[in-house]
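Taking it in order: structure first as structure tokens, then the write-up.
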There are 2 protein chains.
Amino acid sequence: MSICGVLDKDEIEEFVKILTRQTCTAHDPIIDEGEPADFVFNVTGGAVKLFKLLPDGRRQITGFLFEGDFLGIAMNDTYSYSAEAVGDAHMCRFNRRKFEALLDRFPKLERRLLGMASNELAQAQDQMLLLGRKTAREKLCTFLLSLSRRSEKRGYDPSVISVPMSRNDIGDYLGLTTETVSRTFTNLKKDGVIRLLEGNRVKINDAEQLQDLAEGA
Amino acid sequence: MSICGVLDKDEIEEFVKILTRQTCTAHDPIIDEGEPADFVFNVTGGAVKLFKLLPDGRRQITGFLFEGDFLGIAMNDTYSYSAEAVGDAHMCRFNRRKFEALLDRFPKLERRLLGMASNELAQAQDQMLLLGRKTAREKLCTFLLSLSRRSEKRGYDPSVISVPMSRNDIGDYLGLTTETVSRTFTNLKKDGVIRLLEGNRVKINDAEQLQDLAEGA
DNA sequence: CGGATATTTGACGAATCTCAATAGGCGTGG
DNA sequence: CCACGCCTATTGAGATTCGTCAAATATCCG
């Protein structure tokens, strides 16, 4: 587990004692915005989406979590967003009270959480730039690039990425409609930037070109 | 200073020792994206805007800071955004290394920073929802409402808010153009939702209506 | 194979942007 | 104190990107 990288064996033991393993299937609600934030989670497999809703049903996905990602760093009294699994997802669940008690005992963990929150904040700012100022094409290229970088960081081939989420989810993440996402995929394909493979995978033909397209350069 | 609310007199002394006071005028760069993050700041007066740029000059303002707000919670090696004063702004500057050294001595401060980061993260998610899914009118209402709430929290009349930033800044914060911001102000005025007063102030006629408009209800 | 769901494609419309002109504010200096 | 000039805000007209609605196609899974 990524948050535990700074802990030694005995310390990890303490966490294992208080965790519950759980599996969620697609559309399975994990947490609901506004509910008391009684648990924090660590994703151990699959993908999870975080989102907020407007009263009329419009949805903004604020992030996708993958193996190793932590859900609930921002610990206010209530959850500020909802979460559900993209496909099937596996997670460790911690009672928040017990989790915080352990935090007190391992101050280096607190420092680490602050670091993770910093990263999330930086990511959130990138996403604001994307949502507020990028075109549909730039948005999709940015998205594919971030998936590619994530793949690379986990030791996979960055030029062939798995895109497990639906067009609709991608749209709700990028501030676009399903149709625009689909059309933009088609355009990128036509322009030779990417190739669509079976199994929801995408081949990136020229990462540098993708990078330029992502920034409107 | 807001971050120091958890400290006692002697502890605050330690911070005062390492701070430098500085004043910035409009468009004065405070920090630049990509530069080494050698300093952290606390705003003591005026307003500051945080923003990111695309290569062609498109700009996204990711947040406004006011008195008491802290700049640099997200402490990576380099700044992930730029900052400049809106009008004139006053700030305390801390050497980051020394600041972090003090953090080690006051663990409750670290907990507090994590709390502040959590709040910022929640705010960032709200802003993503706004940027990705709200209409121009909803965006502006949300913005005015947040200024009103901020005013209220500081003990001012929430129905008359000061809007010190330019239409252009508001546009870059809401993902709109100057013209659309201006037009939307005009519409809200025409519909009796707000009234424009001199001195860049805005009178909110019906806060509840504004709330509804902000969420598309 | 068949039904359900997701994706793609097309035609059209609307919100917002762009470009351009006008009006308003504010400070400076005569 | 007024006039000028600069900068920002407002308003207008037309263009464009993206959204909406609808239909066709593809994919998944039992």
Side-chain angles (χ1 to χ4, degrees), chain A residues 25-27 47 49 54 56-61 86-88 130-143 162-191 194-202 213 216, chain B residues 25-27 49 54 56-61 86-88 130-144 162-191 194-202 213 216:
Chain A
T25 59
H27 312 299
K49 60 191 174 204
L54 286 171
D56 63 3
R58 278 174 288 171
R59 184 179 68 155
Q60 178 66 39
I61 292 182
V86 170
D88 283 358
L130 177 148
L131 291 169
R133 289 302 182 209
K134 290 190 179 180
T135 65
R137 173 177 266 238
E138 288 162 359
K139 285 175 176 180
L140 191 55
C141 289
T142 305
F143 177 63
S162 160
V163 183
M165 59 290 286
S166 70
R167 295 288 183 264
N168 190 38
D169 282 351
I170 297 172
D172 281 352
Y173 182 57
L174 301 178
L176 300 170
T177 59
T178 309
E179 294 92 329
T180 299
V181 172
S182 179
R183 276 186 251 272
T184 308
F185 263 114
T186 304
N187 286 338
L188 289 177
K189 193 173 57 177
K190 202 159 49 191
D191 294 349
I194 58 172
R195 214 148 47 88
L196 299 184
L197 310 177
E198 73 278 8
N200 291 317
R201 288 174 318 133
V202 174
L213 288 174
Chain B
T25 59
H27 312 300
K49 60 192 175 201
L54 286 171
D56 64 4
R58 279 174 288 172
R59 183 179 69 155
Q60 179 66 39
I61 292 183
V86 170
D88 283 358
L130 177 149
L131 290 169
R133 288 304 181 207
K134 289 190 180 180
T135 65
R137 173 177 267 240
E138 289 161 357
K139 284 176 176 180
L140 191 55
C141 289
T142 306
F143 176 64
L144 293 174
S162 161
V163 183
M165 58 289 286
S166 70
R167 296 287 182 266
N168 190 39
D169 282 350
I170 296 172
D172 281 352
Y173 181 58
L174 301 178
L176 300 170
T177 58
T178 309
E179 294 92 329
T180 299
V181 172
S182 181
R183 277 186 250 273
T184 308
F185 262 115
T186 303
N187 287 338
L188 290 177
K189 194 172 58 177
K190 202 158 49 193
D191 294 349
I194 59 170
R195 214 148 48 88
L196 300 184
L197 310 176
E198 74 279 7
N200 292 316
R201 289 174 316 133
V202 174
L213 288 174

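Only heavy atoms go into these numbers, but all of them, side chains included; no hydrogens, no water, no symmetry mates. Labels below follow one simple rule: chain letters A, B, ... track the order of the sequence lines, proteins then strands, and each chain is numbered from 1.
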Distance, rounded to the nearest Å, where [X] contributes [atom1] and [N] contributes [atom2]:
{"X": "E198(A)", "N": "dA26(D)", "atom1": "CD", "atom2": "P", "result": "16 Å"}
{"X": "L140(B)", "N": "dT16(C)", "atom1": "CG", "atom2": "C1'", "result": "14 Å"}
{"X": "I170(B)", "N": "dA9(D)", "atom1": "CD1", "atom2": "P", "result": "8 Å"}
{"X": "N168(A)", "N": "dT20(D)", "atom1": "CG", "atom2": "P", "result": "12 Å"}
{"X": "N187(B)", "N": "dA9(D)", "atom1": "CG", "atom2": "P", "result": "17 Å"}
{"X": "L174(A)", "N": "dG19(D)", "atom1": "CG", "atom2": "P", "result": "11 Å"}

Practice item. Report the residue (L176(A) or N200(A)) whose heavy-atom-nearest nucleotide on DNA chain D is the more 5′ of the two. Key: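 Result: L176(A).
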Review point. DNA chain D: A136(A) or T186(B), which has the more 5' nearest nucleotide?
Key: T186(B)
Study note, to complete from the structure: Between R133(A) and T180(A), the residue closer to the 5' end of DNA chain C by nearest nucleotide is T180(A)
Practice item. Tell me what G175(A) touches on the nucleic acid: a base, only sugar-phosphate, or nothing, going by heavy atoms under 4.0 Å. Key: sugar-phosphate
Practice item. Look at all strands and tell whether S182(B) reaches a base, only sugar-phosphate, or nothing, counting heavy atoms closer than 4.0 Å. Key: base
Review point. To the nearest 0.5 Å, how far apart are CG in N168(B) and OG in S182(B)?
Key: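 So the CG of N168(B) and the OG of S182(B) are separated by 11.5 Å.
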Point to revise | Nucleotide nearest R167(B) (side chain, heavy atoms from C-beta), chosen from dG10(C), dT8(C), dA9(D) | key: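 The answer is dA9(D).
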Point to revise | Test item: F185(B) and R167(B) side chains (from C-beta on) under 4.5 Å apart, heavy atoms | key: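 F185(B) vs R167(B): side chains touch.
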Check your understanding: Heavy-atom distance under 4.5 Å between the side chains of L197(A) and V202(A), does that happen here?
Key -> no
Exercise for review: Over all heavy atoms of both residues, which pair between K49(B) and D169(B) is shortest? Give the atoms and the distance, please.
Suggested key: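 K49(B) and D169(B) have their closest heavy atoms at NZ-OD2, 2.9 Å.
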**Study point:** Heavy-atom donor-acceptor pair, E179(A) side-chain to dC18(D) base, under 3.5 Å
**Key:**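 Check fails, no donor-acceptor contact within cut-off.
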